[in-house]
Number of protein chains: 2
Amino acid sequence: MMLHAATPSNALAAGTAPLRPTFLARRSAADPAAATQALIADTLQRLRESGLPLHRRLVHAGDTVYRCGEAFKALHVLHSGFFKMVTITADGREQVVGLHFKGDWLGFDGIASGAYTCDAVALDVGEVWSVYYEALLTLSANKPGVTGMLHAAMSRQMARERESILSLCTLSADARVADFLRQWVEALDRRGLRTDRITLCLTRAEIGNFLGMTLESVSRALSRLVREGVINFAEKGRRHVRIADSQALGAYIARSLTPEPAALQ
Amino acid sequence: MMLHAATPSNALAAGTAPLRPTFLARRSAADPAAATQALIADTLQRLRESGLPLHRRLVHAGDTVYRCGEAFKALHVLHSGFFKMVTITADGREQVVGLHFKGDWLGFDGIASGAYTCDAVALDVGEVWSVYYEALLTLSANKPGVTGMLHAAMSRQMARERESILSLCTLSADARVADFLRQWVEALDRRGLRTDRITLCLTRAEIGNFLGMTLESVSRALSRLVREGVINFAEKGRRHVRIADSQALGAYIARSLTPEPAALQ
DNA sequence: CGGGCCGTTGACCACATTCAACGCGTGTGG
DNA sequence: CCACACGCGTTGAATGTGGTCAACGGCCCG
């Protein structure tokens, strides 16, 4: 498919997994799902006990947590729900640049410039906890763990954005859709939600926009995944996807990377 | 082409969304180049005066600042040079996920997991200042400005990664190359470096990898840009690009977004 | 000189977009 | 109540962008 290589001296680094006693590094624990759940619980717990004024807000599909251009004052922790981040360029291009779930922080994009640089839109009912950034900063001066928590959240988000770039650059359209499902399932899994039946709260157009393809291609890719037996649709509604074996998604992606049908090697 | 506004009512959020007044003004300062230069100078100044043990290191093309899998202990500020971030997936895909310049911070990807998640490779001679993350944290407890500086740097990096996603998802191959040049020029401009003659310190293969296309397509796109008069190559070597008018790059991108050929303008 | 690596260009073809038609569920107004 | 419009999803056929394969030229270095 795409090229790899070209840069010679890049072998995988032989670094051995370190192990940091900090509460940040719990992701590398044996069970990433359990680790993430602990992380989220810990985050919410800290916020609750911090004494900071928390603004809790219920949202419905289509509500915005913040909009592009608004003055940045607060960060937002997702207590439940699904959210998309949308940017609109000067020349009219619209782009979904990220998806977020329970436990994620929203609003980092506003720190550097003092104003949010995208819209944060709820895709379903959910609950958002908002905290003033300044308040969080002053708190973190006393409690060093808070800073670490924030940094780790940002770091994780950067890693996810890189995953997106990786997927966009190296995978075919079909594989991109499969990878999208894989990541969605993984996100749910890490949060202790059921992963055998998932509900996509995005339209085909939104998925396509996020994956850099047309809605028709998304539809075709999903149909192909059904035909291959990797997924199937629940009786009611074509947004409910049943994924018997989440490993199959990864296998499908890997399969589409090799020109060989199934020889060996 | 990729889709653009093909679907009119596309994913734009429900809710009113008339006009955002100030999303052009996000770089608040009148002169973004001067602002960035001040920011970089300020960052380096702070580090020098902080009393923290700084490890200064000279690098050459191909040297790694850190490698994927290494234990995360330090962040790195680029004092000069050009750097690429490369990830390698389990299934062998290799991907350039970011490019960095003077003033940028490297290593944020290691915070969450305790180990770096990509290779940071120098593309040219340069100088890197490394500082222990723990030391930075303890310092930031006393000096609140340090935390803000770090957060802003992370925020900026996230914004840039989103720019990449935007470019990958919404632009044709030719436009992507033009946008790549535009971003490179802009990065140089913000740092006070000359922008009329630039030197790409990446091979066509690396550019293509970063932009999600083949090296042949990069080569063709560049040739087309020359033919259109947007850029031209300096006599010596096809890595030296002359860009008489950096606006022309943006115009070329905009042109490629509209079906209209070239009525006037 | 020969053999890398890098860059360019051409010919061919496949994958994904485009354009189009259709089915389905839902909300709305006659 | 039904007719109708509308948003969403699916599928087909045609087109074209960009990938693949190949050949070639320039450059550097052993």
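Quick note on labels: first sequence line is chain A, next is B, and so on, each numbered from 1. Note that these values count all heavy atoms, side chains included, but never hydrogens, waters or copies made by symmetry. The shown structure was predicted, so the numbers you read here are calculated from the model rather than taken from an experiment.
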Residues passing the side chain to side chain contact (heavy atoms under 4.5 Å, CB included) test with A:Ala173, sequence neighbours excluded, are A:Met213
- Item | Ion pair B:Asp179/B:Arg176, N-O distance below 4.0 Å | no
On the side chain of A:Arg220, is there an atom forming a donor-acceptor pair with the base of C:dT18 - under 3.5 Å, no angle test?
yes
A:Phe233 atom CZ is separated from D:dC8 atom C1', nearest whole Å, by 13 Å
Rounded to whole Å, the CZ-C1' distance (B:Arg204 to D:dG19) equals 18 Å
Of the candidates C:dT8, D:dC8, D:dT11, the side chain of A:Ser219 sits closest to D:dT11
From CZ of B:Arg224 across to C1' of C:dT8 the rounded distance in Å is 13 Å
Ranking C:dA16, C:dT8, D:dC8 by distance to the side chain of A:Arg239, first place goes to D:dC8
Ring geometry between A:His79 and A:Trp129 (parallel below 30°, tilted from 30 to 60°, perpendicular above 60°)
parallel
Practice item. Answer yes or no: does a side-chain N or O of A:Ser217 lie under 4.0 Å from OP1 or OP2 of C:dA16? Key: no
Return the polar atom pairs (N/O with N/O) between nucleotides 22-30 of chain D and the protein under 3.5 Å, or none.
none

message: Does A:Thr64 form a side chain to side chain donor-acceptor pair (under 3.5 Å) with A:Asp119? I'd like the steps, not just the answer.
response: CA-CA 7 Å; A:Thr64 59; A:Asp119 291 359; over 6 Å; no
Taken to the nearest whole Å, CZ/B:Arg176 to P/D:dG18 is 7 Å
Out of C:dC6, D:dG19, D:dG9, minimum distance to the side chain of A:Thr203 belongs to D:dG9
Whole-Å distance, A:Leu215 CG to D:dT11 P, equals 13 Å
Residue set satisfying side chain to side chain contact (heavy atoms under 4.5 Å, CB included) with A:Thr195, at least two apart, ordered chain then number -> A:Val185, A:Leu188, A:Asp189
Original post:
Does B:Asp174 come within less than 4.0 Å of B:Arg255, counting only side-chain N to carboxylate O?
Top reply: no
Per atom distances to the A:Thr214 side chain, the nearest of C:dT8, C:dT18, D:dT10 is C:dT18
B:Met213 CE to C:dG7 P, in whole Å, measures 14 Å
Q) With the threshold set at 4.0 Å, does a side-chain nitrogen-carboxylate oxygen contact exist between A:Glu186 and A:Arg182? A) yes
When rounded to whole Å, the CG to P distance for the pair B:Asp174 and D:dT17 reads 10 Å
When rounded to whole Å, the CG to P distance for the pair B:Leu171 and D:dT17 reads 15 Å
